[in-house]
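Each chain gets a letter, A, B and so on, in the order the sequences are listed, and its residues count up from 1.
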Amino acid sequence: SLISTYLNLGLLPEALKVLDEMSFPDVASFTSIISYCAKSGMEGEAFALLTRMRDMDIHPNEFSFVAMLTNCIRQCNRQLGSQVHCLALKTHCTTCTHVSNALMGMYVKCGLVDCALQVFDEMSDRDVSSWNAAILGMVEDCRYSEAFELFDNMGSNGKFADRFSLSTILSAATECQSGGEGETVHAYVIKIGLDMDLSVGNALLEFYTRFGIMEDLLYVFDRMPQRDVISWTCLLNGFMEFGLVESAAELFNQMPEKNHISYNALLSGYCKNGLGSKGLDFFRRILADGAEIS
RNA sequence: CCCCGAAUUCUACU
């Protein structure tokens, strides 16, 4: 409890100190810190703790495997990921839905979509996250019709789509040949009340930039209860896509949040609209402002 | 023996 309290406050050194002072740390003492390290991009620390734990003859459990896989997902480490998979199989931990879900996430992230789908097929208890991971795998592999098939099957299996399912399937709809699928999904989104969700709203902005008109975009944007830097950048892209360069430039100056992608959106928008010289001006200006260029 | 503590997946540029 003390360790997790420190970790919730972001106090890793204090948490490690507690661990060091414990006479009999258990699997949760280690796993909670490993999980924190994996999520904070401290893969080396996470692995060191795992080694230390095994040296003390404390065996990893389901939570440990998920934490280790989180680590593999962050660093796209398919070697370690496969080893974790083997160890999880040996200890029968793949029957745990969370472990199999994390394995799927790891394989999708590493580009091994078929491995992820194999894990999915072998699962006996699939939850919404399992379906979401499979759908994401299909989308990452550009298998959009199969993504929609899974999305429909999920409903037939009594699992309700959530914000993850819908933002993912909307990104598939954006890649389709026509907008019909996406419009059907939008209707469903409204029906279940997820049109007020930030990620879903952002995915809708993206969809209507491809298949709608400016009014559709503004309709979605204006009704969003919260907006983040992705929302603002999507709207900027939308203006540029519909040739409203002045509005895009004005938006860029008024956006409450922007990042390097917003800069690229404005720059590429100028170029796509045949305004290369404006783009060049903008580029010179941000160089003069000391921007880091990649 | 009981209780408590550690859990994976989504959306924008290149």
Any idea which of [options] is nearest the [X] side chain?
X	options	value
A:Asn264	B:C13, B:A6, B:U9	B:C13
A:His98	B:A6, B:U8, B:U9	B:U8
A:Thr31	B:A6, B:A12, B:U8	B:A6
A:Asn61	B:U9, B:A12, B:A6	B:A6
A:Ser199	B:A12, B:U11, B:U9	B:U11
A:Ala203	B:A6, B:U11, B:C13	B:U11
A:Phe164	B:C4, B:U9, B:A12	B:U9
A:Ser129	B:A6, B:C13, B:U9	B:U9
A:Arg163	B:U11, B:C10, B:U8	B:C10
A:Ser1	B:C10, B:G5, B:A7	B:G5

Scan [X] against the nucleic acid and name what it touches under 4.0 Å (heavy atoms): base, sugar-phosphate only, or nothing.
X	answer
A:Ile230	base
A:Ala28	base
A:Thr233	base
A:Asp26	base
A:Ser29	base
A:Asn259	base

side-chain N/O A:Lys39 vs B:U8 OP1/OP2, d < 4.0 Å: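 So the side chain of A:Lys39 is within the cut-off, an N or O lying under 4.0 Å from OP1 or OP2 of B:U8.
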
Phosphate contact (B:U8 OP1 or OP2) by A:Thr70 side-chain N/O below 4.0 Å: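 Yes.
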
Assess whether a salt bridge exists between [X] and [Y], defined as any Lys/Arg side-chain N lying under 4.0 Å from an Asp/Glu carboxylate O.
X	Y	answer
A:Asp281	A:Arg284	yes
A:Glu181	A:Arg210	no
A:Asp114	A:Arg143	yes

Side chain A:Asn273, main chain A:Met240, donor-acceptor under 3.5 Å: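 The answer is yes, because a donor-acceptor pair under 3.5 Å joins these two groups.
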
Sidechain-backbone polar pair: A:Arg227 side chain, A:Phe221 backbone, donor-acceptor under 3.5 Å: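 Flag set: sc A:Arg227 to bb A:Phe221 pair under 3.5 Å.
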
Provide, to the nearest angstrom, the distance between the [atom1] atom belonging to [X] and the [atom2] atom belonging to [N].
X	N	atom1	atom2	answer
A:Ile261	B:U11	CD1	P	12 Å
A:Asp195	B:U11	CG	C1'	15 Å
A:Ile33	B:A7	CD1	P	13 Å
A:Met104	B:C10	CE	C1'	14 Å
A:Leu150	B:U9	CG	C1'	14 Å
A:Lys258	B:C13	NZ	C1'	16 Å
A:Asn101	B:C10	CG	P	12 Å
A:Asn71	B:U9	CG	P	12 Å

Face-on cation placement of A:Arg126 at A:Phe120 ring, 6.0 Å and 45° thresholds: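 Verdict for A:Phe120: a cation-pi partner in A:Arg126.
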
